[in-house]
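One structure is given below, encoded as structure tokens.
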Amino acid sequence: MDAYLAAIAIIALIYVLLSLGLTLQYGLTGLINFGHVGFFAIGAYTSALLALKGVPLILTFPAAAVLAGLSAWPIGLVSLRLRDDYFAIVTLGFSEVVRIVITSEKWLTNGVQGVPGIPRLFEGLQGFAAQAATLAVILAVTIVAVWMILRIAKSPFGRLIEAIRDNEEAVKALGKDPASFKIQVLIVGAAIAGVAGAFYAHYITYIVPDQFIPLVTFYVWMAVIMGGVGRVSGAVVGAAILMVFLEGSRFLRDIVPWISEVDMASVRIGVVGLLLILFVMFRPQGLMGDYTKR
Amino acid sequence: MTTTRRQFVGGLGAAAGLVAAPGILRAQTQGVYRIGALCPVTGSGSPFGSGMQKMIGAAADIVNAAGGAAGRKLEVVYEDTQTNPQAAVLAAKKLIDVNKVQILMGTWSSGVSLAVIPLTNDANIILMNTSGAPALSTPPANAKGLSYRYQATNDRFGRAFAEICVKEGFKRPATMAFNNASGIGNTEGFRKAWEAKGGKVVESVVYEPNQPTYRSELQKVLAANPDVIVTGSYLADTTIFMREWYQTGQAVKWIMPGWAASPDLVKAVGPDVVEGVISVDSVSNENAPSYKAYDEAYKKATGQPGQANVYAAMTWDMVHVLALAMEAANSADTQAINAKIREIANPPGQQVFSFAEGKDALKKGKINFEGASSVLDFDQYGDVTPDFGVFFIEGGKLNRRYVVKI
């Protein structure tokens, strides 16, 4: 049971990292980023491919963050003039471009065959110890990320990006240039997603383009919305709720033994969907409350 | 809308309690061997997954009815991979850590098998899969030799295609592949085998999934003037490009994997379009009594003939091989079972076709279990080499002309 809980915790923390990036971009700044999985994929492939070339993991993780962050920069430039829905389309397109490039550039990424045998964190440790150590590291990184975003939110920079979210015209009227702030926010959020990607690659140990589909982006959106938009605590809680729904539903079997094993798989996914719908119906502002609407 | 935050958190706590409770109730019981059935019940493997799962259960029932294996009853715990590596990893973790299963079987897509195999290696348990990717045969994936593959590798499909080209006297083959591991695996396997025979592939095209039309890809292939086109394709895309090819009127033969050139394809495009198409599939061991038993069980469970799902025949065999190996080892220990799997499945030995038969024969000497999916002889990598049936589509019917052995 311990190892299973640890596995859930690790995956949940990866989603927390992704949600934190999105909270910064959407919750605080109002950028509708539908391409989060693209940065996640760039981080995963960067770290995995470098590690397979023999680069120590202590260097591949920062590389993942840097490359994912840098990849956000051109999108920022291109889409500066786009607001809201248009920006959403550009980012969605970006994540698909990333996936197709990964699929096509076989010399680098092994294409659709995927990259197997990615080294794990703490290869030296055996069994549960390795997992516990991994959990400790990702927890530490998540805490640092939470702290960082809380600091950003409370700083003058944070007030400014929230002003962009609430009224971009007013910010311009005050003589500030929203564009450069938006780019910075995009880069930071993407870098965090890159780190999440690196953890994912070294935890699952096998990556293939099929894993980086838009569904991942929308899982993150669900987490952010259920937690409470614009709340840093919401990103954490939302990812936790999502994991409880997804994994907890595996134990439905023990509660409703009269459903056949084969039907159970579909019932389970139906139940997850129902829970998500009920959640947003009865708690539309998210568990921690929607900060943007105050 | 009046739920307070306190009420909600309380509800969440209660839900978490419900989730946690069953794990405590499960303790290891003596005399039971737990199988983790990890099949693609939802996602892109869903046409096969539920049948695969049902056949694991049915085969376990048969073993238990015959008194169990090595004095133990088989108990099956089911999880769904969702045909998604991340979901599969969590499901596998749950099976291993919470349900304490002693073997995992039934993973279908290569992506899922490759993601799950590090976990089974860590836990020192066996993984039986039906995936095609060559990477599963060798380290790091199969570093411990605990992986058994019941499906032909994509490479072997390619080799079968090349044999057919030789037999049919084709000289200028071209290939068309769906851009995924399986599609490209088929055509690349073909190219390797064909070039080893001194041939040359005149054109190869890889196409992206989910296109409304494949005209430009077709034009590229047909421009090279091939006498046969070998595909690594699926049903949906094949339906589109076959229709478009028919409109061009250019004469060419086709060789396709069985999951693309199926009766459904004939139904979708009409018998005229697919007349003469060669459909290749690993043949289940159809004349063996083991296949008959499987076919009956499959009909009973799903109402369809056993031919409809080759993977279900494979999962049926997984349970049989496991149970016979346990019986031979007289142990539920993974290493002991692993040491016996090739011994009971490969020649030499008395041919047996069912668990009860094998259990009896083991008392007298060596056995060679012949499965429903193939004769099941595992090589040093844990791979099997099934025979390939070559079907010609004639008048809308798939007629098997001959069988290719590689």
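For chain B, the nearby parts of A/Gln113 are the backbone and the side chain; heavy atoms of each come within less than 4.5 Å. Contact annotation for A/Ile204: both backbone and side-chain heavy atoms come within less than 4.5 Å of a heavy atom of chain B. Interface residue A/Tyr206: only side-chain heavy atoms are found under 4.5 Å from chain B. Looking at B/Ala141, neither its backbone nor its side chain comes within 4.5 Å of chain A, counting heavy atoms on both sides. Both the backbone and the side chain of A/Ser266 come within contact range of chain B, judged by heavy atoms closer than 4.5 Å. B/Ala123 does not touch chain A: none of its heavy atoms, backbone or side chain, sits under 4.5 Å away. Residue contact with chain A, scored on non-hydrogen atoms closer than 4.5 Å, involves the side chain of B/Asp122 exclusively. Contacts between B/Gln53 and chain A at a heavy-atom distance below 4.5 Å involve the side chain alone, from C-beta outward.
With respect to chain A, the highest number of heavy-atom pairs below 4.5 Å among B/Val76, B/Leu90, B/Thr42 belongs to B/Leu90. When each of B/Leu114, B/Asp80, B/Ile96, B/Val41 is scored by its heavy-atom pairs under 4.5 Å with chain A, the top score falls to B/Leu114. Contact count versus chain A (heavy atoms, under 4.5 Å) is highest, among B/Pro140, B/Ala91, B/Cys39, B/Ser46, for B/Ala91. Among A/Gly114, A/Ala3, A/Ala6, A/Gly117, the residue making the largest number of heavy-atom pairs under 4.5 Å with chain B is A/Ala3. Chain B forms more heavy-atom pairs under 4.5 Å with one residue of A/Val208, A/Ile269, A/Asp210 than with any other, namely A/Ile269.
Cation-pi geometry between B/Lys220 and B/Tyr207 is not met at under 6.0 angstrom from the ring centre and within 45 degrees of the axis.
Counting only N and O atoms by type, the side chains of B/Asp383 and B/Ser137 include a donor and acceptor under 3.5 Å apart. Using modelled atom types and a 3.5 Å distance limit, the side chains of A/His202 and A/Ser47 yield a donor-acceptor pair.
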Does the pair B/Phe157 and B/Phe190 meet the rule for a ring pair (Phe, Tyr, Trp, His ring centres under 6.0 Å), with working shown?
-> CA-CA 7 Å; B/Phe157 262 94; B/Phe190 167 73; over 10 Å; no
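With a 4.5 Å cut-off on side-chain heavy atoms, A/Ile11 and B/Gln86 count as touching. For the pair B/Pro257 and B/Thr231, the minimum side-chain heavy-atom distance is below 4.5 Å.
Under the 30°/60° scheme for interplanar angles, the aromatic rings of B/Phe48 and B/Tyr311 are found to stand perpendicular.
Although no hydrogens or angles enter the test, the distance criterion places a donor-acceptor pair under 3.5 Å between the side chain of B/Arg34 and the main chain of B/Asn99.
When the shell of 6.0 Å around CZ of A/Phe122 is examined, it contains more than 12 heavy atoms from other residues, nucleotides or ligands.
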